[in-house]
Chemist: 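Quick one: the structure is below, questions incoming.
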Amino acid sequence: MPQIIVIGAGQAGSSLVVKLRDAGFAGELTLIGDEPALPYQRPPLSKAYLLGDLPRDRLILRPQAFYDVRDINLRTNAKVTTIDPAAKTVTLGDEVLGYDQLALTTGSRPRRLPDAIGGALGGLYYVRELSDIDAMQPEIRRGRRVLIIGGGYIGLEAAAVAAKQGLEVTLVEMAGRILQRVASPETSDYFRDLHQRHGVAIREGVGLKRLLGGDRVTGAELTDDTVLDLDFAIAGTGILPDDRLAAEAGLSCDNGIAVDDRGRTSAPDVWAAGDCASFPLGETRMRLESVPNAIDMAERVAQNMMGGDRPYVPEPWFWSDQYDVKLQIAGLSAGHDRVVVRDSGAARSHWYFAGDRLLAVDAMNDPRAFMVAKRLLAAGKSPGAATVGDASTDLKSLLR
């Protein structure tokens, strides 16, 4: 009986095994995750779950019975230590499992602060796994002082939760502005103003020199020599593709596990999908950190593992919740040379163009702009910049 093993029980891994069964795979199917919980959603961790608005059981993607009925051997709290592509085996402690095909959906891991600047102190938290948030939640109490290190979306979401719960929040971003790597100055300005109106002290162009304290965080020294008294700190300093198992097994890695446009790695019968995988797109290689990519890529890889031969072509979209603002992003803004602002009061959107070509849209409380932009991008259509910038334009008319 053919055997498929999937390592990594997050959104990609769960989607991949389900798609394999739906596509007719009747062999042994094993999904291995190193966390004790059933596969769960990660995005709410830094939003509704941290805020206490979403119960733990609502995070779970599917109950145990779902996997049982489909004869999917789900192994949680199990750590794969080595992969041997030549022998076609994976090792978990003293146990060796054979496979006919292997898929790596190992996701990503937080970029951790060095021990030399306080990275080993208690009271420093990351926003990545369920256990991280469970450990952090008792700290979220009115009047406490927290430093958020990093002004990307994870840092800003954590800042929003802390501010809503009445904490004294300082956020530092070493770059010249928050969201500098992923968004336009217009979007940075929008979210800076939003956070400042909620009492968050944002320090741009300022980084962390070191965290202070004996066993746990009691303060921080910043790169401008400011010293803060703190109760705890949250690091939102980015993530890295978790390609460690793949690299140790000799698989080609390039900003993650390098795959071709079908999801195949450099080793025979080994595939990869999700945050951990980089794939070709045009003349470049890309890695996307998002739930939609994890699901879509995993499902395409599952089809190709079953004998399909179709390339993965992403349709990127993302979202973030901060206070009463839902940000929805369609497309990728890299390479834009202008931003058109559409402002109709409560709803606002920023349209990214390279010349006359639409690249992406940031939509703040503007689901219509997001949906229209998503459809335009999928169809390869670009509206006139003046047209989208006119708040009186009916966006749906752009789809005709």
Side-chain angles (χ1 to χ4, degrees), residues 41 43-44 46-48 53 152-153 156-157 160 164 177-198 281-282 286 288-297 299-300 311-400:
Q41 308 173 66
S46 58
K47 308 177 184 73
D53 289 345
Y153 286 120
L156 291 173
E157 287 169 359
K164 287 180 73 172
R177 58 181 173 85
I178 57 172
L179 302 176
Q180 181 166 306
R181 186 176 66 89
V182 295
S184 66
E186 290 84 352
T187 298
S188 296
D189 292 346
Y190 178 94
F191 282 99
R192 182 190 307 108
D193 178 66
L194 175 68
H195 279 270
Q196 288 176 339
R197 284 189 279 112
H198 284 84
L281 188 67
M286 174 174 292
L288 289 175
E289 301 165 358
S290 74
V291 167
N293 174 71
I295 296 171
D296 294 346
M297 188 178 186
E299 291 185 346
R300 178 52 48 83
Y312 174 60
V313 180
E315 295 183 3
W317 61 276
F318 316 84
W319 79 93
S320 176
D321 294 323
Q322 298 170 46
Y323 308 106
D324 58 350
V325 173
K326 175 172 282 296
L327 167 67
Q328 295 170 290
I329 303 168
L332 298 170
S333 62
H336 73 277
D337 53 31
R338 62 175 166 160
V339 177
V340 176
V341 176
R342 178 185 173 90
D343 191 350
S344 58
R348 182 182 174 100
S349 53
H350 300 160
W351 299 67
Y352 296 79
F353 287 86
D356 293 329
R357 183 165 66 95
L358 178 67
L359 298 180
V361 170
D362 295 340
M364 285 71 75
N365 288 341
D366 196 345
R368 175 169 294 188
F370 168 72
M371 292 305 300
V372 168
K374 196 165 179 283
R375 290 176 61 183
L376 288 170
L377 290 164
K381 295 181 179 180
S382 296
T387 302
V388 297
D390 183 351
S392 67
T393 299
D394 178 7
L395 289 175
K396 285 190 175 180
S397 68
L398 303 178
L399 299 172
R400 297 175 191 147

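We number each residue from 1, following the sequence as shown.
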Chemist: Under the side-chain hydrogen bond (donor to acceptor under 3.5 Å, both in side chains) test against Q322, which residue among E157, K164, H198, H195 passes?
Modeler: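 Output: one option passes, namely H195.
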Chemist: Please report the interatomic distance CG(L194) to CG(D189), rounded to the nearest 0.5 Å.
Modeler: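 These two atoms lie 12.5 Å from each other.
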Chemist: For residues 355-364, tabulate all N or O donor-acceptor pairs below 3.5 Å that involve a side-chain atom, not counting sequence neighbours.
Modeler:
from : atom 1 : to   : atom 2 : distance (Å)
D362 : OD2    : T187 : OG1    : 2.8
D362 : OD2    : Y352 : OH     : 2.4

Chemist: List the residues meeting side-chain contact (heavy atoms from CB on, under 4.5 Å) with A334, not counting sequence neighbours, and say none if there are none.
Modeler: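 Partners of A334 by the side-chain contact (heavy atoms from CB on, under 4.5 Å) criterion come out as none, since no residue qualifies.
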Chemist: Quick one: do D296 and R300 make a salt bridge, cutoff under 4.0 Å?
Modeler: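 Judged by the 4.0 Å cut-off on N to carboxylate O distance, D296 and R300 do not form a salt bridge.
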Chemist: Under the rule for side-chain contact (heavy atoms from CB on, under 4.5 Å), what residues qualify as partners of E315, not counting sequence neighbours?
Modeler: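 With sequence neighbours excluded, E315 shows a side-chain contact (heavy atoms from CB on, under 4.5 Å) to A378, given in chain and number order.
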Chemist: Kindly write out the residues that satisfy salt bridge (charged side-chain N to carboxylate O under 4.0 Å, His left out) with K374, not counting sequence neighbours, or none if the list is empty.
Modeler: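 Here no residue qualifies.
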Chemist: Which residues pass the salt bridge (charged side-chain N to carboxylate O under 4.0 Å, His left out) test with E299, not counting sequence neighbours?
Modeler: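 Expected list: none.
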Chemist: For H350, enumerate each residue passing the ring-ring contact (aromatic ring centres under 6.0 Å, His included) test, keeping only those at least two apart in sequence or located in another chain.
Modeler: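 H350: no ring-ring contact (aromatic ring centres under 6.0 Å, His included) contacts found.
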Chemist: Got a sec, which residues hit salt bridge (charged side-chain N to carboxylate O under 4.0 Å, His left out) with R348, two or more places apart in sequence or on another chain?
Modeler: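 With neighbours one apart ignored, the set is D343.
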Chemist: Among L377, L399, D394, find the one that has a side-chain contact (heavy atoms from CB on, under 4.5 Å) with V372.
Modeler: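 Among L377, L399, D394, the one meeting side-chain contact (heavy atoms from CB on, under 4.5 Å) with V372 is L399.
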Chemist: With a cut-off of 3.5 Å and sequence neighbours excluded, list every side-chain donor-acceptor pair involving residues 385-393.
Modeler:
from : atom 1 : to   : atom 2 : distance (Å)
D390 : OD1    : S392 : N      : 3.0
D390 : OD1    : S392 : OG     : 2.7
D390 : OD2    : S392 : OG     : 3.1
T393 : OG1    : T387 : O      : 2.8
T393 : OG1    : D390 : O      : 3.2

Chemist: Please list, chain by chain and in numerical order, all residues satisfying salt bridge (charged side-chain N to carboxylate O under 4.0 Å, His left out) with D53, sequence neighbours excluded.
Modeler: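 Applying salt bridge (charged side-chain N to carboxylate O under 4.0 Å, His left out) to D53 gives none.
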Chemist: Going by the salt bridge (Lys or Arg N to Asp or Glu O under 4.0 Å) test, which pairs reach into residues 317-337, not counting sequence neighbours?
Modeler: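 Listed by first then second residue: D321-K326.
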Chemist: How long is the span from the CZ atom in R342 to the CG atom in L395, to the nearest 0.5 Å?
Modeler: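 It comes to 3.5 Å.
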Chemist: Looking at residues at least two apart in the chain, or sitting in another chain, which of them share a side-chain contact (heavy atoms from CB on, under 4.5 Å) with S290?
Modeler: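 If we apply the side-chain contact (heavy atoms from CB on, under 4.5 Å) test to S290, skipping adjacent residues, the hits are P292, N293, F318.
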Chemist: For P314, which residues count as a side-chain contact (heavy atoms from CB on, under 4.5 Å) partner, sequence neighbours excluded?
Modeler: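 For P314, the residues satisfying side-chain contact (heavy atoms from CB on, under 4.5 Å) (neighbours in sequence not counted) are F279, L281, L288, Y312, P316.
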